[in-house]
Structures are given as structure tokens and as C-alpha cells.
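Note that these values count all heavy atoms, side chains included, but never hydrogens, waters or copies made by symmetry. In this chain, residues are counted from 1 in sequence order. In listed order, ligands and their atoms are each counted from 1.
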Amino acid sequence: MTDKLTSFDPATGEEIGTLEVTGPADVAATVERGRTAFAVWKTTSFAERKRLVMAAREVLLAEMESVANLISRESGKPVAEALSMEIAPVLDLMQHFARNAEKLLAPRKISIGLYALLGRSSKVVYHPLGVVGIIPAWNYPFSIPLGEAVMALMAGNTVVIKPSELTPFIGLKIVEIFEKAGFPKDTVQAVTGGGETGAALVEAAPDKIMFTGSVATGRKIAAAAAKNLTSVVLELGGKDPMVVFADADLPLAAKAAVWGAFCNAGQSCSSVERLYVEAAAAEKLTKLIVDETMTLRQGVGVDEEVSVGAMSSERQIKIVEDHVEDFRRAGAKIETGGRRKDETLFYEPTVITGATNEMLGMSEETFGPTLPIATFETEAEATELANDSEFGLTASVWSGDRRKARRVAERIEAGTVTINEVLYTHGIGQTPWGGFKNSGRGRTHGAEGLMELVQPQHIHENLLPILPDAWWMPYSANAVKTFRGFATKFASGSILKTATLAPQLLKRIFELRKKN
Ligand code: NAD
């Protein structure tokens, strides 16, 4: 009997639908079909790939309202965020990679220094990998897998998506969009189910895995992928700090903190999870943040006036409850919020003061609508507190002094640091995204992200194939003398020094020619 998976609206508990779990044999067969489709897809021109991705954009634009509604219902997020944080950014990503992938992946001549004097030339060409397995989380269930699929397809790969078990219908919608756009059969496929289906996808040995999720699952996937030497990009958790100096525009920083902490009910990998404010500005900033937080409307996401939606699952809200409880026990103060609404999955946006890095909610990822605030006295202390974490996904620095802000930004250990801005750069598909430390390995988005989806091939050419190379066999005392010259002169990179090697080099070449 086939297992079933039922998806629910976390805001209302209503059933979205039920579908079949893909068993391991079917997952393997799906990857095989993807491999067969790859043999043809990899030969298509960039112009053809661009035409199809732009057609998929049109399908999405035509269905935008119903897609936003589905995202809101299946994930619990406000429809406002389905549009602003998922659909609009991914539409931009689609046009960017459709138009620019050819340029970004164009063959590239490499400068090879003095080897060019020997009549040699090198270039790199980029080949697609094959089947890319995409295993996303539920928090941005549309834009993350769709964006990664577009990049993989533009690079000439085919795609198998295993959506999160909490948002399977959004995953199926992605495949439907590509189908309606006219993509060839099996270029984009989905398999559905939970962790076991994800594990079966890894086991089926695709040519790359793009994983987004928790550190714990990332470790399991990396270990399982190692068996087949499958390379993996890991986009993992975060505990992102926001550092606010007293000379920052505090009303602006307060608004940014509120959005950064509470958008998607705090369930963003790049949420503001820790706020460090310079002590002199702490009282003022806290008041601004609390006042702003109290204006937010929380409710069912399809209501267009709602700013904060439901959390995704019981498991997730339990973590938030535990962390807030720990803050209370440890003596921090709950300024506003701090509780779940009855038995629902709505957790009130919560502002906490008096937090320290020793508290649970300042070290482990909360992934919920909490904004704990701590203070610092000096620039060095701010950097130290921000870096005191196993994570390093994003961070932000707020100051009216740009030089100071840039200095601090470069000292923070995170894959992205924004200055006087917060959270949103995953929405800029043109820029690289990925973590330092336990926040991940590899990159998605940007030119760096596209490079994860190809394998570089080095083509090296001897443009003067008339003479033997001086380093070929047989060796002799004359050869060894030449190689000493290579080490001391040629390898210095200096043309002048290398020129003095010319007589010895000629002697050696004549020696090799004579021996032929
Ligand atoms: P998760 O690790 O529980 O699940 C992620 C995906 O992995 C799901 O599709 C799940 O079914 C699948 N999975 C589970 N076990 C598996 C296994 N053994 N083999 C293969 N696949 C398996 O994470 P989640 O709760 O869905 O997502 C929340 C986490 O994602 C947070 O830590 C968040 O920070 C992170 N996240 C990171 C980014 C980023 O860009 N760095 C973006 C979004 C979310």
C-alpha cells in the first residue's frame, strides 16, 4: 500500500489536500528519467533555455494571485509576503538568469603567465552536471526551489525537487508551471514525502544536491551523499545578529528590526535573531521597537491587512515557547508578546530585553517571532558578541558612520553582511547567498551560485606543436641543469630572468631532437 501525505493550512487547520508518498524505487526511477532527459536538454542552446524560462515567468505572472494564495494557505505566511518575499524576487531571478546565464557561463581564457611564451593557451568551458536534486525547507517553499531550478536548468541540468512535507502542493505547483511553459518531459520533476523521500533522493545519486534546511539534516545529507561522492550545497540555519550603534537612524533601525524579526513569523534563515544595541541608545530603540510591534496585525495570511501569520508547525512553535520560557527563567524581560494564542499556531510577536549570549534563545536558532535585545559598550565588544555563535549566515550593522559600519561588517563572520539594511538580499538573485561556519557550505544565487551547477573543463592547447617539451624524457645532466633554471628563473614569473634561460633551453631542445 502506498503511504499518503496530507497537507494542512497551519492558520486554520483546514486540509489543503492529500497525495501519495513517492517510494524509494520510484524516486530512483525519477532520477533515471531525469538523466535520460538530460542527454537532450544539455544540447539545447541558451536561447532556447531562455525562451522557456521566460515562458515559465509568463505562466507564473498569469497565475500570480492563485499561487500567492496557495503559498499563504500552505505555509501560513501573509499573502503580502508571498508576493513581496517569494513571487516578486523569483520573477526577478528568472529574468536575470534567463538573460545572463550565457554570459556568466561563457568560455573564459585564462592568463597562464610565461607558459604563453612557449606558445600555450588555456581556457575554461563549463559543462552541466546532470540531474540536480533540490531538497528545500518549508519556510520559502516557492522561491527557493523555483529559483534553484531555474539556475540549474539555465546551466543545462535537469531537476528533481523533493518539497518539504509541510508544503508539498507548492512543490507540485512549481513543476506544473514548468510543464505549462512547455519544458520537455522530465526536465523538471517532483517526488513527494518527508525525510525518507529526501534520503531516497540522495541515495539515488543525482549529480548535485541543493539542500536547504537544518544543520542536523544537512549533516545527514552530507554523510549520505559522500557514499556516491555527490557534491552538496548546504544552506542551513542562522542566528543572525543586528548591531545598532547609537549614531544610527534609530527610527529606521527600529522598523527594520521589526520586519527583520517578525516577517514570515520569524521563520527566515536570515531573521534578526539577536539585536545588539549600543547601551546609550538602548532605551530609545527598545521603545520604538515595542511601539511598532504593538501596531502589527496578526491573523490568517490570506487577509491582506495581516502582517504576521501563523507559524508552520507544532514542532516549531514548541521551540519558540521553550526559548521564551528560558528567557523568563534567566531574568530577561518580556516587553511585549511572549505567548501563543490559545491552542493555535499563532505566536505573538515578542520583544525581550536584558538578553545575554548565555541564554538559549541567543545561541540556538529560534526560528520564530522573537526579538531579544542585548547591549554593548564598544565596537570591539559588538563584533565579539555578534561572532559568538556557531552560525554565520547574515548580519547587519547600523550606523551613521559609514567607515565604522564597513569596518565592523568585514569583521563579522557571516556570508552576507548588510549595512543600514536588513535580511532581504536572498531576494537579489544576482548576489551570492550562503553561510560561514555551521550556516552552510557552497553558495546559491549570483555567479558563484551558478558555478555550483556546472563543472569547469580546462582546455589547454599547444599552438606550436613542432618541438618536444624540455621536461620530456629522456633526462640527462643537461636536462637537470635546465630544470634548475626553470625553478630559479622561469618560476619567478619574470620575463627578464627567464630570457637568460634561453640558451640553456635551446641546448636542451636540441638534445631531445637529436635523441629522436
Ligand atoms: P529540515 O532539515 O527539517 O528539512 C529540510 C528538508 O529536508 C525537508 O524537505 C525534509 O523533508 C528533508 N529531509 C529531512 N530529513 C532528510 C534526510 N535524512 N535526507 C534527505 N532529506 C531530508 O528543515 P526545515 O525545518 O524544513 O527548515 C528549517 C531550517 O531551514 C532552519 O534551520 C532554517 O534556518 C533553514 N533554512 C536555511 C536557509 C538558507 O538559505 N540558509 C533558507 C531557508 C531555511
Point to revise | Contact check, side chains of Val159 and Phe178, non-hydrogen atoms, under 4.5 Å | key: no

Practice item. Could you tell me whether Lys77 and Glu86 have a side-chain N and a carboxylate O separated by less than 4.0 Å? Key: yes

Point to revise | Donor + acceptor pair across side chains of Asn387, Glu384 (<3.5 Å) | key: no

Check your understanding: If we only count heavy atoms from C-beta on, is the Phe262 to Val351 side-chain gap below 4.5 Å?
Key -> yes

Pairs under 3.5 Å, nitrogen or oxygen of ligand 1 with protein nitrogen or oxygen:
unit_1	atom_1	unit_2	atom_2	d
ligand 1	2 (O)	Ser214	N	2.9
ligand 1	2 (O)	Ser214	OG	2.7
ligand 1	2 (O)	Thr217	OG1	2.7
ligand 1	9 (O)	Pro136	O	2.9
ligand 1	9 (O)	Lys162	NZ	3.0
ligand 1	11 (O)	Lys162	NZ	2.7
ligand 1	11 (O)	Glu165	OE1	2.6
ligand 1	19 (N)	Ala199	N	3.3
ligand 1	23 (O)	Ser214	N	3.4
ligand 1	25 (O)	Trp138	NE1	2.9
ligand 1	25 (O)	Arg315	NH2	2.8
ligand 1	26 (O)	Trp138	NE1	3.0
ligand 1	30 (O)	Gly213	O	3.3
ligand 1	32 (O)	Glu365	OE1	2.6
ligand 1	34 (O)	Glu365	OE2	2.6
ligand 1	40 (O)	Trp433	NE1	2.8
ligand 1	41 (N)	Leu236	N	3.3
ligand 1	41 (N)	Leu236	O	2.7

Review point. Would Glu148 and Lys208 pass as an ion pair if we require N to O under 4.0 Å?
Key: no

Check your understanding: Which class fits the ring pair Phe367 and Trp138: parallel under 30°, tilted 30 to 60°, perpendicular over 60°?
Key -> perpendicular

